> 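Got a structure for you, questions after.
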Amino acid sequence: MNLSITVNGVRRDVELDDPRVTLLDLLRERLDLTGTKKGCDRGQCGACTILVDGRRINSCLALAVSHDGAEILTIEGVARGDQLHPVQAAFIAHDGFQCGFCTPGQIVSATALLAANPSPTAEEVRAGMAGNLCRCGCYVKIERAVLRAAVGA
């Protein structure tokens with residue numbers, strides 16, 4: 001079964017031998033895009049968050065065959081060359097990560113949140129990021145980073 005997707009702006013044609021392959025496994029194991037993390041593998045932690053056609057999804061729950069023709073953005077595609085996305089820069093400047101495991105999913109989620117709502121309140125950031133868990137408990141710094149990215153600081 002053949003699948004054609006655009007990942008981070010690059011068209012990829014993939015042959016799948018198993019219709020049960022998730023987008024997460026396709027990205028990590030077949031396309032060598034390992035920035036998207038496999039956390040709980042049950043859609044509960046958000047470590048595997050990617051954008052599919054501009055919409056946030058947990059890639060561990062999405063079958064690859066269901067997304068033929070899709071436009072996918074992973075953490076590897078958030079920056080533009082050597083220039084960090086404002087969310088990435090804010091995470092660094094405001095120490096929005098500790099161990100870093102959840103960081104790719106957090107950044108992709110924050111990027112989508114700010115694309116939909118460029119000027120969120122702190123409450124809107126908390127609600128918008130609710131599906132992304134941080135085992136280190138950096139929520140205050142993550143919220144601060146997202147709010148700073150929204151204002152460009």
Side-chain angles (χ1 to χ4, degrees), residues 1-92 94-117 120 124-139 141-143 145-146 149-150:
M1 127 188 8
N2 294 319
L3 173 69
S4 180
I5 55 177
T6 302
V7 182
N8 302 327
V10 178
R11 183 183 163 129
R12 306 292 298 260
D13 294 314
V14 182
E15 186 175 330
L16 295 176
D17 54 355
D18 186 346
R20 298 170 294 172
V21 173
T22 64
L23 273 176
L24 176 61
D25 289 336
L26 175 70
L27 293 168
R28 291 183 56 82
E29 297 171 11
R30 298 284 303 276
L31 303 180
D32 295 321
L33 295 169
T34 58
T36 303
K37 303 302 180 203
K38 185 180 274 196
C40 67
D41 209 21
R42 294 184 177 142
Q44 297 175 346
C45 73
C48 67
T49 302
I50 62 172
L51 301 184
V52 175
D53 297 327
R55 187 176 47 90
R56 288 186 298 178
I57 69 163
N58 291 323
S59 61
C60 71
L61 296 179
L63 293 176
V65 297
S66 298
H67 297 284
D68 187 34
E71 176 85 25
I72 296 172
L73 180 74
T74 70
I75 188 65
E76 289 90 349
V78 172
R80 295 294 172 229
D82 290 339
Q83 184 173 356
L84 294 177
H85 186 281
V87 172
Q88 291 171 307
F91 264 68
I92 292 168
H94 299 283
D95 201 23
F97 55 90
Q98 190 165 332
C99 79
F101 192 81
C102 72
T103 306
Q106 297 275 3
I107 288 173
V108 170
S109 285
T111 301
L113 170 68
L114 294 180
N117 182 358
E124 290 169 330
V125 169
R126 285 190 296 275
M129 299 294 291
N132 293 84
L133 302 180
C134 174
R135 291 180 179 146
C136 299
C138 293
Y139 295 111
K141 294 177 181 181
I142 291 167
E143 178 184 316
V146 176

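Note that the structure is predicted; figures quoted are calculated from it, not measured. Values below: every heavy atom of this structure, side chains too, minus hydrogens, waters and symmetry copies.
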> Can you sort out the partners of D13 under salt bridge (charged side-chain N to carboxylate O under 4.0 Å, His left out), two or more places apart, ordered by chain and number?
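In terms of salt bridge (charged side-chain N to carboxylate O under 4.0 Å, His left out), with neighbours along the sequence ignored, D13 is linked to R11.
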> Enumerate the residue pairs fulfilling salt bridge (Lys or Arg N to Asp or Glu O under 4.0 Å) with a member in residues 124-137, sequence neighbours excluded, ordered by first and then second residue.
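Only R126-E143 qualify under salt bridge (Lys or Arg N to Asp or Glu O under 4.0 Å).
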> To check you understand the geometry: which heavy-atom pair defines the closest contact between G96 and I142, and what is its length?
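Heavy-atom minimum between the residues: O-CG1, 3.2 Å.
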> Among residues at least two apart in sequence or on other chains, which ones pass side-chain hydrogen bond (donor to acceptor under 3.5 Å, both in side chains) with T74?
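Checked T74 against side-chain hydrogen bond (donor to acceptor under 3.5 Å, both in side chains); matches are N8, E76.
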> Give me each pair satisfying salt bridge (Lys or Arg N to Asp or Glu O under 4.0 Å) with a member in residues 25-35, each pair once, sequence neighbours excluded.
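Sorted result for residues 25-35: D25-K38.
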> Which heavy atom of C45 sits nearest to which heavy atom of G39, and what is that distance?
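Closest heavy-atom pair between C45 and G39: SG-CA, 3.8 Å.
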> Could you check whether any side-chain heavy atom of L3 comes within less than 4.5 Å of a side-chain heavy atom of L26, counting everything from C-beta outward?
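Contact flag for L3/L26 side chains = yes.
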> Kindly compute the distance separating CZ (R56) from OG1 (T111), expressed to the nearest 0.5 Å.
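One gets 10.0 Å once the value is rounded to the nearest 0.5 Å.
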> Stepwise, does the side chain to side chain contact (heavy atoms under 4.5 Å, CB included) test hold for L23 with I57?
CA-CA 10 Å; L23 273 176; I57 69 163; 3.9 Å; yes
> Does any non-hydrogen side-chain atom of L33 lie less than 4.5 Å from one of V7?
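The answer is yes; the side chains approach within 4.5 Å.
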> Give, for atom CG of L84 and atom CD1 of I92, the distance between the pair rounded to the nearest 0.5 Å.
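These two atoms lie 5.0 Å from each other.
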> To the nearest 0.5 Å, what is the distance between CD on Q106 and CG on L133?
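Between atom CD of Q106 and atom CG of L133 there are 8.0 Å.
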> Please report the shortest heavy-atom distance between N58 and G43, naming the atom on each side.
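Of all heavy-atom pairs spanning N58 and G43, the closest is ND2-O, 3.1 Å.
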> So, for C48 and S59, which heavy atoms are closest and what is the spacing to 0.1 Å?
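Result for this residue pair: O-OG, 2.7 Å.
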> What are the two closest non-hydrogen atoms of K141 and H94, and how far apart are they?
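Heavy atoms only, the tightest pair is CB-O, 3.6 Å.
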> Name the atoms and distances for all side-chain donor-acceptor pairs under 3.5 Å in residues 60-73, with sequence neighbours left out.
unit_1, atom_1, unit_2, atom_2, d
D68, OD1, S4, N, 2.7

> Which atom pair, heavy atoms only, marks the closest approach of N132 to G46?
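Closest pair (atom of N132, atom of G46, distance): ND2-O, 3.0 Å.
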> With the side chain counted from C-beta on, respond yes when L24 and D41 share a heavy-atom pair under 4.5 Å apart, and no when they do not.
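With C-beta onward as the side chain, the pair touches.
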> Does Q88 reach the main-chain N or O of H85 with its side chain, forming a donor-acceptor pair under 3.5 Å?
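Checking the backbone N and O of H85 against the side chain of Q88, a donor-acceptor pair under 3.5 Å is found.
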> Could I get the full list of side chain to side chain contact (heavy atoms under 4.5 Å, CB included) partners for T103, not counting sequence neighbours?
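Once residues adjacent in sequence are excluded, the partners of T103 under the side chain to side chain contact (heavy atoms under 4.5 Å, CB included) criterion are F91, F97, I107.
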